[in-house]
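Heads up, the thing below is written out as structure tokens.
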Amino acid sequence: MNAQAEELLKCTSRELLGTMVWDLIPGSMETPLYHKAIEAAQAGKVFLCEYYSSRLNIWLQAHIYPDPARLMVYLQDITRYKLAATALLKSEERFRTSVDSLLDSFYIHSAIRDSSGKIVDFRVEYANKAASTSTRMPREEQIGQGLFAMFPWLSQTGLFEEFCKVVETGAPFSTDAFIFPVEYQGQHLKRIAEIRVVRLGDELISAWRDITERKEIEEELKASEARLKRLVESNIIGVIFVEGKYIVDANDAFLEMVGYTREDLNEGPLNWWHMTPAEYIEIDQNAAQEIARSGVSPLIEKEYYRKDGSRVPVLLRSAQLSGKSGVCFILDISDQKELERRKDAFISIASHELKTPLTSLKAMLQLARRRIEKQPGYDARDYLAKMDQQINTLTRLVNDLLNVSKIQAGKLEYLQEIIDIDELVYEIVEDFQHLAAAHHRVSVTGTTQQKIVGDRDHLRQVFGNLLTNALKYSPQAGQVEVSLSASQNTVTVSVHDYGIGISKELQEKIFECFYRANATESAALPGLGIGLYIAQEIVRQHGGTIGVESASAQGSTFSVTLPLGREDRVAENYVPPKSSYFL
Ligand code: ADP
């Protein structure tokens, strides 16, 4: 027993020499060394064994050489080697698990050379799970095979040459547009892969990722971007891209609309908030709320300040792109606005022009009527009364037209008079009783016994329009009924007819300006489509509401509800009524 053995076994030769080693060293009879030593002695053969000594807490390697009289044992501490081997095993296992869990295909190849040393293929040394899934070939079948022999189509892609270059130069190769054919269920499909190849020692590592779907999405995105770009650059419509309050990009159509140059835009983003006149801020804020809610703004009409301070009217719709960024489509409606302005001016001038001769016609007719009635012998009363009626109708139409232009210009003035609503309604009904055709009967029921504050002439026009319609749109029916009622704070006047009625979907539309239902029965009857629009405007200005209940061929009931009059709401500059509904 030498000194190294003493140190290794942690006992001295004096203690051990001449004793039974196995008795002296506790637990030694349980070690493989004991069994192997017996075996070696019996067989007379050399044995090698490795074992872990729990007493010494080390790994030992023992070479046992028997000869007839004794055994020679060479012991070596192999703990360090054992630990390193375990670590290696662990790390290899880690590598395999990681590589197997990759979604990308992963290969290790080594070059196969012919007798002249020329590379002819690349042997698959290792393939991960994804490699067998994507090629639909078990990896066991791939390992050991030449890659290009196994997949002959690969040779036509130029990849073999790239592999050779990596071996020769050591420079990695990568591409994100490797196109390869795949046959799937009888169909030839084109797939696209991303490939990276690196040299590691004398081997190559290749990683493959099928990016066909990603590429297709990218292509689609590119195409849709190109379409959008074409739309933006076509300048058919103004397009701006905004970030919060700033215009970060705009097409020429928009810049031209607002009189800015591209340089102005490039110098710093334009602030569309500053380009918006104060009266449109609220509209913009409402639109912003709607965008936050639904992602899209309603169609809004507004104005922008141009660079020179003038205004440009526009029609605009915005959509959120993400967070605070959005896109707006803007149409310059200056031409339409100008046309509208001219049309309004025309209506206003035309109705003024028509009113003057009508007024004098009416006055002269009354004069003539008085004179003729005094003359005996010739009775022209009927003719004169009919002329008077026609003039009244014409006057009503002209008044309606004039009022429309005043309403639209915000110039219709309202007086604040105390009005006995019962008296007013009964008076109007009486007028219409005279006017109505022979087969019509206009009746009134109920009272409110209330007073309201408002403009007598304008309210006269409201009820007049409702009664005119009730008679006009019930040519076959005999009865038109007006009823009056009151609640604690309101009075309601309803006009009910048994005429052609109005379908549900038209009931909101009929209050729009110039709207006429084009159902055959109503289109055949004369009208300008402004009576209900005026009525609604006037009622709204009085703080009231107007509504309709009807169904096709079921007659209609139009109801006007007005708030009760409060004396303190009457303006100080009270003006007494000046004219009747018919001049
Ligand atoms: P106008 O009668 O001159 O066409 P209005 O503004 O008074 O214009 O009415 C708008 C439309 O509403 C009419 O064209 C008609 O189709 C419908 N309408 C109004 N009143 C009635 C009613 N009492 N019965 C049926 N339809 C009506």
Side-chain angles (χ1 to χ4, degrees), residues 343-344 347 350-351 354 389-390 392-408 412 425 428-429 431-433 435-437 439-445 457-483 492-542 544-561 581-582:
K343 186 198 74 196
D344 290 347
I347 294 174
S351 36
L354 289 168
Q389 255 179 37
Q390 291 304 322
N392 286 345
T393 310
L394 203 55
T395 307
R396 231 173 23 242
L397 286 171
V398 171
N399 273 344
D400 277 356
L401 270 179
L402 200 58
N403 281 346
V404 165
S405 45
K406 279 185 185 163
I407 287 170
Q408 293 192 331
L412 192 64
V425 171
I428 298 169
V429 169
D431 281 349
F432 274 83
Q433 278 164 346
L435 270 178
H439 71 281
H440 273 124
R441 233 179 71 76
V442 185
S443 63
V444 54
T445 54
D457 280 352
H458 290 335
L459 288 176
R460 204 181 263 280
Q461 192 175 9
V462 172
F463 302 126
N465 286 358
L466 294 184
L467 275 164
T468 308
N469 282 350
L471 294 171
K472 187 162 69 173
Y473 296 109
S474 59
Q476 314 295 337
Q479 188 73 6
V480 170
E481 291 154 7
V482 179
S483 63
T492 298
V493 181
S494 299
V495 179
H496 180 59
D497 67 59
Y498 297 89
I500 60 172
I502 307 153
S503 63
K504 279 267 169 295
E505 56 280 14
L506 296 186
Q507 288 176 12
E508 256 177 52
K509 287 204 168 306
I510 56 173
F511 292 96
E512 289 171 12
C513 193
F514 303 124
Y515 181 83
R516 301 211 67 220
N518 49 12
T520 32
E521 309 101 301
S522 71
L525 299 161
L528 299 176
I530 52 180
L532 289 180
Y533 167 74
I534 294 173
Q536 187 180 44
E537 271 305 309
I538 293 173
V539 170
R540 198 181 282 161
Q541 289 295 335
H542 282 79
T545 55
I546 182 168
V548 61
E549 269 180 50
S550 178
S552 277
Q554 301 290 308
S556 317
T557 305
F558 283 85
S559 300
V560 172
T561 300
Y581 180 57
F582 305 119

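This one's a predicted model, so the numbers in the text were calculated from it and none came from an experiment. Numbering of ligands and ligand atoms starts at 1, following listing order.
Polar contact with ligand 1: absent for Y533 (N/O pair, distance under 3.5 Å). Geometrically, ligand 1 and I500 share no nitrogen or oxygen pair separated by less than 3.5 Å. Among the atoms of I502, none of the N or O lies under 3.5 angstrom from an N or O of ligand 1. By the 3.5 Å distance cut-off applied to N or O atoms, Y473 is counted among the residues near ligand 1.
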- Task: Evaluate the criterion side-chain hydrogen bond (donor to acceptor under 3.5 Å, both in side chains) for residue pair E549 and S559; output intermediate values, then yes/no.
- Result: CA-CA 8 Å; E549 269 180 50; S559 300; 6.0 Å; no

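Remark: ligand 1 atoms within the under-4.0 Å shell around heavy atoms of Y515 are 10 (C). Using a 4.0 Å cut-off to heavy atoms of I530, the atoms of ligand 1 that qualify are 6 (O), 8 (O). Which parts of ligand 1 touch G529 is read off a 4.0 Å heavy-atom cut-off, strictly below it: atoms 1 (P), 3 (O), 4 (O), 6 (O), 8 (O). If you number the atoms of ligand 1 from 1 as listed, the ones under 4.0 Å from a heavy atom of K472 come out as 1 (P), 2 (O), 3 (O). Listed by atom number, the atoms of ligand 1 under 4.0 Å from G527 heavy atoms are 3 (O).
Using a 4.0 Å cut-off between heavy atoms, I510 contacts ligand 1 through both its backbone and its side chain. Neither the backbone nor the side chain of L506 has a heavy atom within less than 4.0 Å of ligand 1.
Nearest heavy-atom pair, F432 versus V442, reported as atom, atom and distance to 0.1 Å: O-CG2, 4.3 Å.
The shortest separation from a heavy atom of F558 to ligand 1 is under 4.0 Å, placing the residue in contact. Distances shorter than 4.0 angstrom do not occur between any heavy atom of N465 and any atom of ligand 1. Judged by the shortest distance from any of its heavy atoms, G499 lies outside the 4.0 Å radius around the atoms of ligand 1.
K504 contributes a side-chain N or O that, together with a main-chain N or O of S550, makes up a donor-acceptor pair within less than 3.5 Å. At least one donor-acceptor pair closer than 3.5 Å links the side chain of H439 to the backbone N or O of P475. Q554 contributes no side-chain N or O that, together with a main-chain N or O of G501, makes up a donor-acceptor pair within less than 3.5 Å.
Atom CD of Q389 has more than 12 neighbouring heavy atoms from other residues, nucleotides or ligands inside a 6.0 Å radius.
Checking T557 against S494 by side-chain atom types alone, no donor-acceptor pair falls below 3.5 Å. Donor-acceptor pairing under 3.5 Å is lacking for the side chains of N399 and Q461. Between the side chains of E481 and Y498, at least one donor-acceptor pair of N or O atoms lies under 3.5 Å.
Among L397, N469, T468, the residue whose heavy atom lies closest to atom 20 (N) of ligand 1 is N469.
Every residue was checked against the side-chain hydrogen bond (donor to acceptor under 3.5 Å, both in side chains) condition with S552, not counting sequence neighbours, and none meets it.
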